[in-house]
Amino acid sequence: MDGTQKRKGSPDQSSSAKRSRNENDSSSDGGSFEKELAAFREDTVAYRNPTANWPRPPVPNLNPSTDKIVFQQLELDHYVGKHLDGMPGSKAGPGPIIQMYGVTMEGNSVLCHIHGFVPYFYVPAPPGFDHSHCSEFLDGLDKAVLSDMRSNKDSISHAVLAVECEMKESIYGFHGKRKIPFLRITMALPRLIAPAKRILETGFKFASFPERCYSTYESNIDYEVRFMVDTEVVGCNWIELPAGKYKVRSPATIDDSYKTGVQPKSYCQIEVDIAYDEFISHTPEGEWSKVAPLRILSFDIECAGRKGVFPEPEKDSVIQIANMVINQGDRDPFIRNVFTLNSCAPIVGSHVLSFPQEGNMLQKWSEFVKRVDPDIITGYNIVNFDLPYLLNRAAALKVQKFPFLGRVRDEKSTISNTTFQSRAYGKRENKVINIAGRAQFDLLHALLRDYKLRSYTLNAVSFHFLQEQKEDVQHSIITDLQNGNDQTRRRLAIYCMKDAILPLRLLEKLMCIINYMEMARVTGVPLSYLLSRGQQIKVVSQLLRMSRKQDLLLPAHKAEAGEEYAGATVIEPSKGYYDIPVATLDFASLYPSIMMAHNLCYTSLLHQSDLKSLKPDEFIKTPSGDHFIKASIRKGLLPEILENLLSARKKAKDDLKKETDPFKKKVLDGRQLALKLSANSVYGFTGAQVGKLPCLPISQSVTAFGRMMIERTKELVELKYTVENGYKTNAKVIYGDTDSVMVKFGVESVAESMELGREAASYVSGHFVKPIKLEFEKV
DNA sequence: CCGGAACCCTAC
DNA sequence: TTAGGTAGGGTTCCGG
């Protein structure tokens, strides 16, 4: 009997678990969670042999020439800059560029090395090199590399685009640890350069890079061209590696992890190589919108702190680590255990692992993580507390084998600090821990981003969302409980396990994984970016997807503080108490629809000099005085991105109405929400103060159109609904903000007001370009 | 007592 | 190898 293959708990098990949760066990007595755990007694396999569930399902036999591999992508890692596989002298040009981690439908872990083109690489500058040599060097290098490439018939020919000189710490041993001048050489495929030149002719401002640009560390270059490959924008899609196109590396096991010279880089069950243009990324629709059986590990640690002092890893022991492992989509975890320092009385339905020595406990926990091989690691504040504490504690105790928690062999997990600052999220200081191939999803970070709450303690959050609270154990008595007997440590263990399960409950209740995965799929970024990075990367990724379809290059723009521009109009409110109905009319998705209606985009923006060569009916002038070419001549990327997003949203909403399965309903709702959010953030991106690719003509045109439209709406309504035109009273717009107007029609009944509101909405819509639409919202 | 700057919060 | 926007109300502090 194999417990690992079982996705759903047995009917008894899940129904009894449900029952115990529904008994409204607000658990101040500290015993209710024990009852809940006891409900798992029937899970006899796990109970008799608690480690049987740890490994992933075995890999089916694989014949690379006849079998395809299909997996859902989750995480990405870049070779470039880290591994320097493209260094001249080894092999500049084609090579592995990206590591893609994922999970198959059978629940096997996959690492796929994507081979492509190294977009830039570094070489030490020749002695006496200065900027006057750049051009000369470029010529020589181009010829040398090209001839080298031609002699290799499998290679892809390419061109060098730029040479820059910058000071970098030497990567070559013989230079020692000091900064020396390096040349950074940027390359691109010729097929990408040709279409980019074509854009230049129609006035695409940002594509107007010189054929070659070079600079030194003394002078800045105007344009730096960088290209990104498709593989970076797959965002949790299902990836298909067709039969005969990939190569399998021999499987590795944890036990040979310390051998050297073993080919596979990781502990993944399937490790393969494929070229960047030979795999298929399936658009997440229909069959391809399913979610792989991801393994999610939630854990929590307890430390023996001293009185009145926050625990310090150099001094204070880790005394317990509780773990819950669940398959995405299941109701209950299939692994429930707790690692304890010193003995602990048994806990029904759970696996207690006791260790007399702390170092040994940490070592075994590290092995547990590798055996279970989770795809996602979650918990509450794990990134800033639990993980760093464990790593620092293990270092203090000199547990050498501990910090290897990732999937890549011999890659040590380390802690670094980052600050993330944005207007939207404020300033956040975070720690970063590298765990290769596993997505860290810290629930605290997700809540900070998505919800505005008075308190973010696990207790407050659990009560708010689950009407459930933590076990009642005060911080101050943790050390006393640890120093008591196996019964007091048992009480602590129950507390610790509850803190490990609560994040999983919240994850399910708030549909975090589903919603975040949908967002990742819609925008094309890896799951972890959604918590670690801002809004811009999502728009960049969508732009990359779209521009690749049109063979356009996205330029790399240096982020600098830009100018401000005028925003929306707020109609001065007519203050007062209204005892008659007031109708509210709203523009649906105002800013996205303005961009679509008027074809506002980087690729459609015209310069003064372009206007002479165009007929007056081929372009428009926006209220802010900027010019854009019409969609009939050249359709912009942004309008197309927005159309895709909004039509996909409409489809998701239609499917949502038809769907009856509650799980699929959740997925679809998450999807339509993600699509709406993405559409709304495109405008903000073009006006970003410190932006990746700001374009004020677009953003100020959008707001200018918006201001014009709200004024015009007020005017139209107040001119049409008058006594002269046979209405009871003159209508009055009493308030409005950005995309809405509130109209007092002067009628007494709600029904009449609604009727007039609907009529006015469609009347006003008729005065604007499609797809701009004014809707009656409410009375 | 007033105005301005800095800051925070919210609407859209 | 980073970081969505503007409008507008309110509070606090400081200087004149």
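Here is the naming used below: chain letters follow the sequence lines, and residue numbers restart at 1 for every chain.
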Over how many whole Å does the gap from Tyr529(A) atom OH to dT2(C) atom P extend? 10 Å
If you find the nucleotide of DNA chain C closest to Thr569(A) and the one closest to Ser532(A), which residue's nucleotide is nearer the 5' end? Ser532(A)
Any salt bridge linking Glu643(A) with Lys635(A)? Criterion: basic side-chain nitrogen under 4.0 Å from a carboxylate oxygen. yes
Could you work out which one of dA3(C), dG5(C), dG8(C) sits closest to the side chain of Val570(A)? dG8(C)
In whole Å, what is the span from the OH atom of Tyr683(A) to the C1' atom of dG5(C)? 4 Å
Are Arg712(A) and Glu715(A) ion-paired here, with the side-chain N under 4.0 Å from a carboxylate O? yes
pair_partner(dA3(C)), Watson-Crick or wobble, both distances < 3.5 Å, evaluates to none
For His445(A) and Phe441(A), I'd like to know if the aromatic rings sit close, meaning centre-to-centre distance below 6.0 Å. no
Hey, does Tyr565(A) reach any base, or is it just sugar-phosphate, or nothing, if we go heavy atoms under 4.0 Å? sugar-phosphate
What nucleotide, of dA3(C), dG4(C), dC12(B), holds the atom closest to the side chain of Asp737(A)? dC12(B)
Mind calculating the distance between CG (Leu590(A)) and C1' (dT6(C)) to the nearest angstrom? 14 Å
To the nearest Å, how far apart are Leu585(A) CG and dC12(B) P? 14 Å
From the list dG4(C), dT6(C), dT2(C), which nucleotide is the closest neighbour of the side chain of Arg533(A)? dT2(C)
Does any nucleotide pair with dG16(C) by Watson-Crick or G-U wobble geometry, both distances under 3.5 Å, and what is it? dC1(B)
Mapping Gly534(A) and Glu564(A) to their closest nucleotides on DNA chain C, which lands nearer the 5' end? Gly534(A)
Calculate the interatomic distance between Lys575(A) atom NZ and dG8(C) atom P; express it in whole Å. 13 Å
Do the ring planes of His598(A) and Phe705(A) sit parallel (below 30°), tilted (30 to 60°) or perpendicular (above 60°)? parallel
Whole angstrom is fine here: how far is it from CG in Leu530(A) over to P in dT2(C)? 17 Å
Under 4.0 Å between any heavy atoms, over every strand shown, what does Gly567(A) touch: base, sugar-phosphate, or nothing? Just pick one. sugar-phosphate
Between dG4(C), dT6(C), dA3(C), which one does the side chain of Ile537(A) approach most closely? dA3(C)
Can you tell me how far P of dT6(C) sits from CD1 of Ile710(A), to the nearest Å? 18 Å
Ignoring the backbone of Gln535(A), work out which of dG4(C), dA3(C), dC12(B) is nearest its side chain. dG4(C)
Whole-angstrom distance between dG4(C) and dC12(B), as gauged at atom C1': 14 Å
Tell me if the aromatic rings of Phe587(A) and Phe768(A) count as close, with their centers under 6.0 Å from one another. yes
Using whole Å, what does the distance between atom C1' of nucleotide dC12(B) and atom CZ of Phe705(A) come to? 20 Å
